[in-house]
Amino acid sequence: MKSRHNIKEIINSAVQAARAEGLIKIGTLPDIVIEKSRKDEFGDFATNIAMVLAPLEKRPPREVAAIIAAKIQDAKETTGVPLVKKCEVAGPGFINIFLMETYWLSILRDILDKGEAFGRSEAGAGKKVLLEFVSANPTGPLHIGHGRGAAVGDATARIMAAAGYAVTKEFYINDIGKQVLTLGRSVYIRYLQLLGKKIELPEDSYKGEYIKDVAIEFRKENGDNFNNGILDIQGNNRQIELLQPFIDFAKKRLLDDIKTDLAAFGVAFDNWFSEASLYKPENIVDKAIETLKKDGFAREEDGALWLKTMELANDDKDRVLVKADGSKTYLASDVAYHNEKAKRGFDILINVWGADHHGYEARIRAALKAFGHDPTILKIIFIQLVALLRNGAPVAMGKREGEFVTLRQVMDEVGADACRFFFLMRKADAQLDFDLELAKSQAPENPVYYVQYCHARIRSIIDYAKEQGVNVPADTEDEALALLTSKDDIDLIKHLALFEEVVEKSALAMEPHRVTYYLTELAGIFHPYYNRNRIVTDDAGLTAGRLLLCTATAQVIKNGLGLLGVSAPDKM
RNA sequence: GCGCCUGUAGCUCAGUCGGAUAGAGCAACUGCCUUCUAAGCAGUAGGCCACUGGUUCGAAUCCAGUCAGGCGCACCA
């Protein structure tokens with residue numbers, strides 16, 4: 001049952017009825033807005049249809065509104081139950097529709113019947129979505145920025161799945177190229193240092209403490225006599241071979257750490273796509289480049305091969321695929337990778353990127369276009385920076401080389417739930433202040449606890465009711481619901497009813513923060529409701545009705561938190 | 001210089017495919033625990049929606065320009 005759709009039908013048939021009687025002329029219904037009224041005096045729903053029709057009818061908006069409003073008054077639900085209580089013309093020509101309480105009670109019935117399925121829809125029509133996110137280099141632990149990307153990507157996946165999209169979550173592993181070579185060399189140098197060799201870490205090395213840990217583990221497994229000849233750290237092919245065991249060990253070990261952290265964060269990928277697999281066993285990158293050359297989308301200049309991103313995607317300049325020395329750029333892999341993605345038959349490709357990568361968008365779009373794909377299937381969610389605070393003061397990070405706050409550290413301190421919730425409190429493309437003390441605090445100003453507490457509080461009330469020997473037989477539920485007639489009851493139900501639409505819009509816009517806001521609002525309605533209305537009383541009927549309303553509220557909170565990947569504890 | 005993002009209450013931010021008197025949380029001030037979880041609630045106060053112009057019955061929302069901040073414009077990844 002979708003409240004809004006019913007209203008649209010009612011308005012539609014009202015217009016048809018008015019036209020049948022020759023009261024208005026317009027044949028097809030233009031795009032109109034039906035919105036939940038912001039104020040009680042504006043009814044439950046409002047529409048601007050009369051103001052849109054007025055110019056076409058060449059009549060004043062209020063006059064058109066009056067005609068349609070009269071027809072809406074007569075509207076009956078398909079079951080024949082009167083649905084509209086009152087219908088008024090207001091302001092410049094709005095039609096405000098007031099619905100019967102029974103309408104809202106039927107929505108509550110629907111929530112209880114659907115249970116954990118409430119909020120799911122077919123809005124996405126089964127479209128296949130590839131959502132690529134995190135994709136951190138396996139050269140170090142995940143930092144706080146990756147954490148936000150993980151939270152946003154995973155929540156987006158859950159929300160889109162709930163809205164009827166077929167979502168595949170993918171992590172692209174940059175497991176070849178210069179950065180893993182640097183990683184292997186860094187570990188190697190640390191290994192030599194462990195053996196007492198006097199050797200300095202070159203400037204462009206990974207300098208974090210974790211590299212030492214990897215070196216220690218390598219030594220534990222391979223002993224002290226593993227390839228202890230000193231390399232010329234400038235690097236050459238022979239040395240890459242010598243480094244290979246260090247590279248392999250380190251990237252596997254660091255990728256395992258990333259997987260462990262993501263699992264602890266509640267993020268599970270369907271697919272781990274290795275960049276190296278684009279080159280072996282089959283060189284897909286070379287094939288892609290050949291195709292681009294053949295089709296005239298790549299050109300040579302200064303000994304390098306350039307992708308014509310200017311003509312393909314209005315880029316500022318063309319971009320290099322193959323360098324003059326014959327080696328390929330990162331873009332070359334990515335071009336081939338995105339071609340593969342599109343060929344795998346997805347309707348929508350979503351990438352979650354740091355906002356500092358926005359210049360890269362045109363290049364990927366250009367590549368898709370060059371390979372004959374529709375470039376508009378690519379959607380990019382840009383993630384802004386996270387400013388880590390403690391009691392309002394910035395936490396020093398990223399200043400000293402190789403030092404940064406890891407996702408693991410923050411998770412260990414504030415917990416995965418608070419961490420995820422905080423990452424989803426703002427729209428992705430807005431900078432986020434993350435206050436560690438606030439996230440940990442067990443106070444109402446901490447939104448995570450505010451929402452979770454709402455769920456726990458309701459579970460506690462239900463437990464209390466059971467202890468008091470209250471039970472609600474299934475065959476008396478509808479009678480009990482009918483007793484929920486107060487403004488407080490109906491207002492709470494109205495907000496619960498919004499959930500389906502919030503999920504749908506959040507999915508279509510790919511904006512998970514909308515769900516976070518919705519839940520904070522819902523908790524902000526329930527807590528005062530609880531404060532004003534005692535649930536368990538001597539009135540058996542009303543107690544039963546309110547317990548059902550509480551049950552539905554807890555269900556919606558739980559469903560919503562589930563979409564964010566945050567738990568809904570029964571006790572706190 | 002060019003491009004993208006941002007500019008809304010003291011602070012952090014919702015609201016932006018145009019709608020009625022612009023919202024929330026925090027901070028501030030005033031109150032509420034013999035009562036189902038006070039990890040909560042009630043109330044007060046707080047605004048030239050950066051600025052200027054345009055489109056419209058109607059603009060925080062759309063268009064143009066200006067100002068301010070962030071980011072990007074590698075034969076790096």
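Values reported hereafter were calculated over all heavy atoms of this structure, with side chains retained and with hydrogens, waters and symmetry mates removed. Each chain gets a letter, A, B and so on, in the order the sequences are listed, and its residues count up from 1.
Ranking B:rA38, B:rG19, B:rC41 by closeness to the A:M51 side chain, first place goes to B:rG19. Closest approach to the A:Y449 side chain among B:rA39, B:rC36, B:rU12 is made by B:rA39 (side chain taken as heavy atoms from C-beta onward). With distances taken from any side-chain atom of A:R457 to the nucleotides B:rU16, B:rA38, B:rU12, the minimum falls on B:rA38.
When rounded to the nearest whole Å, the span between CG of A:N48 and C1' of B:rC57 equals 12 Å. Atom CG of A:D435 and atom C1' of B:rC13 are 15 Å apart (whole Å). A:L432 places its CG atom 10 Å from the C1' atom of B:rC13, with the value rounded to the nearest Å. The separation between A:E511 atom CD and B:rC17 atom C1' is 13 Å, rounded to whole Å. Between the C1' atom of B:rC5 and the CG atom of A:D429 lies a distance of 5 Å, rounded to the nearest Å. In this structure, A:F422 places its CZ atom 13 Å from P of B:rC13, rounding to the nearest Å. Look at CG on A:N446: it is 16 Å from C1' on B:rA38, rounded to the nearest Å. Between the CD1 atom of A:I381 and the C1' atom of B:rC4 there is a distance of 17 Å, rounded to whole Å.
If you check every strand for non-hydrogen atoms under 4.0 Å, A:A46 touches a base. Within 4.0 Å (heavy atoms only), A:N96 reaches at least one base atom of the nucleic acid. Across all strands, A:A54 comes closer than 4.0 Å to no nucleic acid atom at all (heavy-atom distances). Note on A:D334: nothing from the nucleic acid sits closer than 4.0 angstrom, heavy atoms only. Heavy atoms of A:A430 sit under 4.0 angstrom from primed sugar atoms or phosphate atoms, though from no base atom.
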Contact list (N/O, under 3.5 angstrom) for nucleotides 23-27 of chain B vs protein:
none

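Annotated as syn: B:rC33, whose glycosidic dihedral is within 90° of 0.
One C1' atom belongs to B:rC71, the other to B:rC26, and the distance between them is 28 Å to the nearest Å. Rounded to a whole angstrom, the distance from the C1' atom of B:rA68 to that of B:rC76 is 31 Å. Rounded to whole Å, the separation between the P atoms of B:rU8 and B:rA50 comes to 6 Å. The separation of B:rA59 from B:rG72, taken at their C1' atoms, amounts to 31 Å, rounded to a whole angstrom. Distance noted for atom P between B:rG65 and B:rC5: 14 Å (whole Å). Nucleotides B:rC67 and B:rG58 are separated by 30 Å at their P atoms, to the nearest Å. Of the P atoms belonging to B:rG19 and B:rG23, the separation is 14 Å, rounded to the nearest Å. Rounded to the nearest Å, the gap between the C1' atom of B:rC4 and that of B:rG10 is 31 Å.
A salt bridge is defined here as a Lys NZ or Arg NE, NH1 or NH2 lying under 4.0 Å from an Asp or Glu carboxylate O, and A:K341 with A:E170 fails to meet this definition. A salt bridge is absent between A:K252 and A:D248; no separation between the charged side-chain nitrogens and carboxylate oxygens falls under 4.0 Å.
Not less than 6.0 angstrom separates the ring centroid of A:F171 from the ring centroid of A:F273. In this structure, A:H495 has its ring center closer than 6.0 angstrom to the ring center of A:Y518.
Among residues at least two apart or in separate chains, salt bridge (Lys or Arg N to Asp or Glu O under 4.0 Å) pairs with a member in residues 353-364 of chain A are A:E361-A:R365. Annotation: salt bridge (Lys or Arg N to Asp or Glu O under 4.0 Å) contacts involving residues 462-472 of chain A, sequence neighbours excluded, comprise A:D463-A:K571. Among residue pairs with one or both ends in residues 527-547 of chain A, those qualifying as salt bridge (Lys or Arg N to Asp or Glu O under 4.0 Å) are A:D488-A:R532, A:D489-A:R546; sequence neighbours excluded. Applying the salt bridge (Lys or Arg N to Asp or Glu O under 4.0 Å) rule to pairs touching residues 133-143 of chain A yields nothing, sequence neighbours excluded. Here ring-ring contact (aromatic ring centres under 6.0 Å, His included) pairs that include residues 413-439 of chain A, with residues two or more places apart or in two chains, are A:F422-A:F434, A:F423-A:F434.
For A:F42, the side-chain contact (heavy atoms from CB on, under 4.5 Å) partners at least two apart in sequence or on another chain are A:S37, A:K39, A:N96. A:D570 is linked by a side-chain contact (heavy atoms from CB on, under 4.5 Å) to A:H455, A:R459, counting only residues two or more places apart in sequence or in another chain. Applying the salt bridge (charged side-chain N to carboxylate O under 4.0 Å, His left out) rule to A:K440 yields the partners A:E413, A:E437; only residues at least two apart in sequence or on another chain are considered.
Proximity of a side-chain donor or acceptor of A:H338 to a complementary backbone N or O of A:D334 within less than 3.5 Å is detected. Within the 3.5 Å criterion, the main-chain N or O of A:A276 finds a donor-acceptor partner in the side chain of A:D175.
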Once pairs are restricted to Watson-Crick or G-U wobble with both distances under 3.5 Å, how does RNA chain B read as a dot-bracket string, [ ] for crossings and | for other-strand pairs?
(((((((..((((.....[...)))).(((((.......))))).....(((((..]....))))))))))))....
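Per the stacking criterion (ring centres < 5.5 Å, plane angle < 30°), A:Y450 does not stack onto the base of B:rA39.
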For nucleotides 67-77 of chain B, give me one character per nucleotide, 5' to 3': B if any protein heavy atom sits under 4.0 Å from the base, S if the only such contacts are to the sugar-phosphate, - if neither.
----BSSSBSB
Under a 4.0 Å heavy-atom criterion, the protein footprint on nucleotides 28-34 of chain B, written with B, S and -, is -------
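Counted by atom type alone, A:Y529 and A:T553 present zero donor-acceptor pairs between their side chains at under 3.5 Å.
Comparing A:I462 and A:M572 along RNA chain B, the residue whose closest nucleotide (by nearest heavy atom) sits nearer the 5' end is A:I462.
Cation-pi check for A:R457 over A:Y530 is met; the charged atom lies under 6.0 angstrom from the ring centroid and within 45 degrees of its normal.
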